[in-house]
2 protein chains.
Amino acid sequence: MDRDIFICHNCPMTRTMATIGTKWKPIIIYTIGKKKVRFGVIHAKMGIISKKVLTDQLRELEEDGIVKREVFKELPPRVEYSLTPKGLELLPILNMLTRWNQKHHGNTSGKDRKPKL
Amino acid sequence: MDRDIFICHNCPMTRTMATIGTKWKPIIIYTIGKKKVRFGVIHAKMGIISKKVLTDQLRELEEDGIVKREVFKELPPRVEYSLTPKGLELLPILNMLTRWNQKHHGNTSGKDRKPKL
DNA sequence: TTTACTGGTTACTTTATCGTTACCAGTATC
DNA sequence: GATACTGGTAACGATAAAGTAACCAGTAAA
C-alpha cells in the first residue's frame, strides 16, 4: 500500500534508504568505484545479479544523479558507467560500512548473516 | 535460490548489506540512536512497520550483537532496547549517509525517490 | 467479569523485488 | 545464411520480505 502519512516518512534515514537502500545499489556503487566500466564488466564482476535487475538499478541510479551513463555510437553497443561527484561522495561512506563489518566479522567469519543471494 | 559460488559473494559490501542492508534495519538503528527505548516507543516512532517485522528485525539485530535487549520482570512486560558498542559505531556512518542525502536533496525535496512504504 | 496493557507469536496473505526466457537491432565473423 | 556480440526490453513467474489478524499470558483497572 502507498501510505502518505506516517511518522517516519520524512525522517532522513527513511529517505536515504529509499534512494540507495535497495539490496543491490550499494554493491553496484562499490563495484563501479572510481573507474569507468562497461555494463558487461559490472555484470561479470557482480556475477549473480540478473541483467534485467542490473539495468533497472543502473537506470534508477542515473535518474538520481549518482551514476553517469555514456553511450558510444558503436556496434555492438558500448556503454560505460561511472560515478558522478555525488556518487563519489558515497564511496568513503560505503567503505566505512564495509570496514565496520570487517572489524566485527573479519572477511571469512562463518558467523556472518549470510547474504540471501 | 541459494547459490554458494559466485564472484561477488564474499565482497565486503555484499556481506555488509546482508548484515544491515535490509529495508528496516538502518532505520531501526537510527530510531534507537543513543537512547534506551521500549519496543512500543520504537514502534510508535517508526509508525508504519508492523509489530511482527519490528520484532523479527530486532531479534536479528540482537543476534548480530548490534542491539541489546533488556527484559524487566514486570507485567505488563517491559523490554528496553539500546545499541551495543558495535551498534553505536554505526550511528556516525548512518548519519553521514543521511547528511549526504540531505545535501543533495534537502529535507522536503519533491524529487526524491519516494520510499516504498 | 470484562477490558486494557505490553511485547510478543503464528499462520496465512499480500506486495515488492528479483529472475527467467525470449526477443531486439545492426554490424562482424564464419 | 547462421551465429556472435552488446546492452538492452517485456512478459511472466518465482521468491523474499512485509503485513494482517488473531491469539497468548498475567497483572491492573474499570
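First the proteins, then the strands, lettered A, B, ... as listed; each starts at 1.
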Please list, chain by chain and in numerical order, all residues satisfying salt bridge (Lys or Arg N to Asp or Glu O under 4.0 Å) with B:Lys52, sequence neighbours excluded. B:Asp56
Kindly give the heavy-atom pair with the smallest separation between A:Gln102 and B:Pro12, and that separation in Å. NE2-CG, 3.8 Å
Gap between atoms CD1 and P, on A:Ile48 and D:dA16 respectively (whole Å): 14 Å
Protein and nucleotides 7-13 of chain D: nitrogen or oxygen contacts under 3.5 angstrom:
unit_1: D:dG7; atom_1: OP1; unit_2: A:Arg38; atom_2: NE; d: 3.0
unit_1: D:dG7; atom_1: OP1; unit_2: A:Arg38; atom_2: NH2; d: 3.3
unit_1: D:dG7; atom_1: OP2; unit_2: A:Gly40; atom_2: N; d: 2.9
unit_1: D:dG7; atom_1: N7; unit_2: A:Lys51; atom_2: NZ; d: 3.2
unit_1: D:dG8; atom_1: OP1; unit_2: A:Arg69; atom_2: NE; d: 3.4
unit_1: D:dG8; atom_1: OP1; unit_2: A:Arg69; atom_2: NH2; d: 2.6
unit_1: D:dG8; atom_1: OP2; unit_2: A:Tyr81; atom_2: OH; d: 2.6
unit_1: D:dG8; atom_1: N7; unit_2: A:Lys51; atom_2: NZ; d: 3.1
unit_1: D:dT9; atom_1: OP1; unit_2: A:Arg59; atom_2: NH2; d: 3.4

Send over the distance from A:Lys73 NZ to D:dT6 C1', rounded to a whole Å. 15 Å
Please name the pair of heavy atoms, one in B:Ile49 and one in B:Met46, separated by the smallest distance, quoted to 0.1 Å. CG2-CB, 4.0 Å
B:Asn101 side chain vs B:Leu97 backbone, donor-acceptor pair below 3.5 Å: no
Listed by chain and number, what are the salt bridge (Lys or Arg N to Asp or Glu O under 4.0 Å) partners of B:Arg59, not counting sequence neighbours? B:Glu62
How many Å lie between CD1 on A:Ile49 and P on C:dT17, as a whole number? 14 Å
Return the value, rounded to whole Å, for the distance between atom CD of B:Glu74 and atom C1' of D:dA25. 16 Å
Separation of B:Met17 atom CE from C:dC18 atom C1', in whole Å? 15 Å
Got a sec, which residues hit side-chain contact (heavy atoms from CB on, under 4.5 Å) with B:Thr22, two or more places apart in sequence or on another chain? B:Lys25, B:Gln57
How many Å lie between NZ on A:Lys25 and C1' on C:dC18, as a whole number? 14 Å
Set out, line by line, the N/O atom pairs under 3.5 Å between protein and nucleotides 27-30 of chain C.
none

Passes side chain to side chain contact (heavy atoms under 4.5 Å, CB included), B:Trp24 versus B:Leu61? Steps please. CA-CA 11 Å; B:Trp24 292 115; B:Leu61 287 167; over 6 Å; no
B:Trp24 CH2 to D:dG19 C1', straight-line distance once rounded to whole Å: 11 Å
Restricting to salt bridge (Lys or Arg N to Asp or Glu O under 4.0 Å), what partner residues turn up for A:Lys35, sequence neighbours left out? none
What bend angle does the helix from C:dT1-D:dA30 to C:dC30-D:dG1 show across its length, from five-pair end axes and to the nearest 10 degrees? 30°
Kindly indicate, with the supporting measurements, whether the criterion salt bridge (charged side-chain N to carboxylate O under 4.0 Å, His left out) is fulfilled by A:Glu70 and A:Lys36. CA-CA 9 Å; A:Glu70 258 177 295; A:Lys36 233 179 221 202; 2.9 Å; yes
Euclidean distance, atom CD1 of residue A:Ile20 to atom C1' of C:dT17 [Å, nearest integer]: 18 Å
Where at least one partner belongs to residues 26-55 of chain B, residue pairs that pass ring-ring contact (aromatic ring centres under 6.0 Å, His included), sequence neighbours excluded: none
Review item, side-chain donor-acceptor pairs of residues 81-89 of chain B, under 3.5 Å, at least two apart:
unit_1: B:Tyr81; atom_1: OH; unit_2: B:Arg69; atom_2: NE; d: 3.2
unit_1: B:Thr84; atom_1: OG1; unit_2: B:Gly65; atom_2: O; d: 2.6
unit_1: B:Thr84; atom_1: OG1; unit_2: B:Ile66; atom_2: O; d: 3.1
unit_1: B:Thr84; atom_1: OG1; unit_2: B:Lys86; atom_2: N; d: 3.4
unit_1: B:Thr84; atom_1: OG1; unit_2: B:Gly87; atom_2: N; d: 3.1
unit_1: B:Lys86; atom_1: NZ; unit_2: A:His105; atom_2: NE2; d: 3.2
unit_1: B:Lys86; atom_1: NZ; unit_2: B:Asp64; atom_2: O; d: 2.6
unit_1: B:Glu89; atom_1: OE1; unit_2: A:Lys103; atom_2: NZ; d: 3.1
unit_1: B:Glu89; atom_1: OE1; unit_2: A:His104; atom_2: NE2; d: 3.3
unit_1: B:Glu89; atom_1: OE2; unit_2: A:Lys103; atom_2: NZ; d: 3.0

